[in-house]
Peer 1: 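I'd like to ask some things about the structure below.
The analysis underlying the following values was restricted to heavy atoms, covering all of them including side chains, and did not include hydrogens, waters or symmetry mates. Letters A, B, ... mirror the listed sequences (proteins, then strands); counts begin at 1.
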Amino acid sequence: MIQTLCDLDAVLNYVWHRIEDRITATSSPYTVSSAQLDSTLGWLTDTELSTRVRLYFDDNDQSFFHRVLPAINVSSFFEVVVAVPAVSVDSPGHGTMQDLARAVEAGVRIAAHGMAHVRLASYLNGMLLATPSGGQYEAVEPDLQDPLNENQVLFQLIESKEALATFAPVEFVLPYGCFNRFTVGANERYGIYRYLGTSDFDLDVGQSLRPRRLVKSETSPSELEDEVLSRLGLS
Amino acid sequence: MFLSSQSTTKGTLRSKLLKHDNDYGFDPRDEFSNAPALSVSCVVPYYETGALGVTVARQLAEALSEYRTHHDAVVATQLVVVDDGSVARPFPSVDADFGEELVLVRLKENVGRSAARNVGLRQSTNFDVTIFVDSDVLVQHDQVSRIVELYSLDTTSSQKRDVIVANLFTTLRRPQSGTGLLEALQRAAIQLDWRWKCRFQPSWIGCSGDTHYVGIDYQLVSQTDFFRSWTGMVGPWSLSNMVLGGCFAVPTMQALEVGGFDESFALYGFTETTLVTKLIAQGVPVIPQSKAAALHVEWNTAHLSQSDRTSRFRSAHSQFYKDFLAETI
């Protein structure tokens with residue numbers, strides 16, 4: 001498996017969110033226990049896949065800085081990335097500027113994840129909607145459910161890059177993995193980010209729409225392994 | 001000075017451009033009772049345009065003359081023609097038609113329109129307002145007056161406020177004799193400018209993101225209340241794209257302070273847009289001048305072919321949006 005990935009110059013991107021000591025009934029499905037994270041990272045290390053794996057920790061959750069970063073060897077992975085909604089910085093439960101700076105010193109890369117954590121494209125009854133035209137170039141509330149208009153999408157792309165300029169982000173991780181033609185076209189027009197991180201599994205061979213696989217509380221290493229073997233035609 | 005709060009904080013040009021509040025506070029169609037008496041320099045970058053360029057300069061000299069007569073106070077004006085290294089059809093030596101106010105600058109080599117405009121801008125240092133007019137754009141006799149009145153704080157004030165004035169054009173695509181040109185100028189109307197009403201054309205595509213705008217109708221002036229409610233992007237355009245190089249005016253001192261035009265935009269496309277963008281980023285509003293329509297004579301010996309313009313436009317489009325706007329100020 002590792003040899004095939006090397007031959008293809010391919011990388012696997014796995015995404016975590018919050019890491020807690022134990023999962024409870026009230027935990028989000030995206031919250032993963034420390035034990036499960038250890039198990040998955042152990043599998044990656046044992047199979048030597050770690051050198052071809054990029055770890056993402058989305059949403060700038062404090063658990064990354066307090067639990068994960070002290071426990072991992074960043075350089076043993078292809079890359080470790082924290083995706084940061086700009087307004088989350090210094091807010092309760094999230095990483096501070098100091099946390100981010102320390103992570104960068106440890107070799108972690110910072111990706112933008114919007115100003116707020118809002119969808120840049122929306123679905124209705126399973127159909128991807130076009131972005132409403134025009135609108136104001138303005139911030140929106142993090143819990144906004146209405147589709148963002150063109151200028152609101154631009155605002156998320158551009159102003160998050162401004163807010164995180166210290167870290168010169170080259171990647172924008174799409175909140176909820178949502179995008180449409182306008183999202184991609186707007187980023188391309190301004191040349192804002194080299195990569196837009198999505199939320200679907202595939203091999204990352206350098207494409208600008210970067211595939212990323214979400215790891216949930218029920219995701220096991222064997223499931224991830226089967227998926228990779230299948231994609232590589234080795235199963 | 002009309003400076004919004006965003007002008008004082010550090011950020012990229014694209015952020016400042018898109019955040020800009022362009023509400024300049026009055027209706028530019030109103031009559032102005034007490035327009036300020038400002039010194040005005042008109043700059044014409046000239047390259048191989050021939051007789052048309054001379055006609056353009058003559059029209060401008062008349063418009064400056066009319067502007068002077070409208071003001072009781074003595075106002076200084078000048079007309080600067082920057083011949084950008086013409087070989088086949090250099091701008092003729094100054095004749096009596098232009099009076100003493102014409103300054104003819106001959107550049108030894110062709111340095112491009114941005115650099116030529118910068119020569120004219122520096123030549124205008126002591127003037128309040130600099131109006132740039134391309135050598136294939138004919139202006140109305142009241143064009144200068146109509147531009148300068150928009151530098152008022154409001155319709156009754158003689159106090160000056162710094163603005164960018166975008167003029168609207170009619171484009172002439174057929175050859176015309178000298179007399180025919182002046183008749184066409186009389187028929188020119190702002191309603192014939194694409195910014196007044198247009199359908200986005202395939203040949204206007206600057207990047208892949210533009211494709212989904214093809215076929216959409218826009219009335220950019222009226223739908224943005226004469227640019228007052230412009231925010232972010234409108235379709236594929238930013239506010240600075242609304243100022244076309246054919247005829248526009250800037251406050252001279254501010255234009256010099258931000259460093260004039262970016263001379264790396266030397267060929268076709270966005271040659272005027274860099275200065276305008278830097279001024280907008282400083283909080284200077286853009287006002288469309290909607291009372292006097294200029295005439296852009298597209299059919300002239302110095303004009304590029306459509307295919308040349310398309311390829312150069314796309315290259316400049318990429319340079320402007322991806323590189324220039326990413327600069328931090």
Peer 1: Taking atom CD of A:Gln98 as the centre, does the number of heavy atoms from other residues, nucleotides or ligands within less than 6.0 Å exceed 12?
Peer 2: no

Peer 1: In Å and rounded to the nearest 0.5 Å, what is the CG to CG distance from A:Leu154 to B:Leu18?
Peer 2: 6.0 Å

Peer 1: Got a second to check how far A:Tyr137's OH is from B:Ser238's OG, nearest 0.5 Å?
Peer 2: 12.0 Å

Peer 1: Does anything in residues 317-324 of chain B get under 4.5 Å of chain A by heavy atoms, and if so which residues?
Peer 2: B:His317, B:Tyr321, B:Lys322

Peer 1: Can you tell which part of A:Arg181 gets under 4.5 Å to a heavy atom of chain B, answering side chain, backbone, both or neither?
Peer 2: side chain

Peer 1: Can you tell me how far apart OH (A:Tyr190) and OG1 (B:Thr12) are? Round to the nearest 0.5 Å.
Peer 2: 9.5 Å

Peer 1: If we only count heavy atoms from C-beta on, is the A:Ile192 to B:Arg14 side-chain gap below 4.5 Å?
Peer 2: yes

Peer 1: Is any residue of residues 201-215 of chain B within less than 4.5 Å of chain A by heavy atoms, and which ones?
Peer 2: B:Cys207, B:Ser208, B:Gly209, B:Asp210, B:Thr211, B:His212, B:Tyr213

Peer 1: Can you pull the ring pair (Phe, Tyr, Trp, His ring centres under 6.0 Å) pairs that have at least one residue in residues 234-254 of chain B, sequence neighbours excluded?
Peer 2: B:Phe132-B:Phe248, B:Trp194-B:Trp237, B:Phe200-B:Trp237, B:Tyr218-B:Trp237

Peer 1: Which region of A:Glu150, side chain (C-beta onward) or backbone (N, CA, C, O), has a non-hydrogen atom less than 4.5 Å from a non-hydrogen atom of chain B, or is it both or neither?
Peer 2: side chain

Peer 1: Can you tell if the side chain of A:Lys161 reaches within under 4.5 Å of the side chain of B:Ser15, non-hydrogen atoms only?
Peer 2: no

Peer 1: Could you tell me which residues satisfy side chain to side chain donor-acceptor pair (under 3.5 Å) with A:Asn60, sequence neighbours excluded, listed by chain and number?
Peer 2: A:Ser88

Peer 1: Does any backbone or side-chain atom of A:Glu188 lie under 4.5 Å from a heavy atom of chain B? Answer side chain, backbone, both or neither.
Peer 2: both

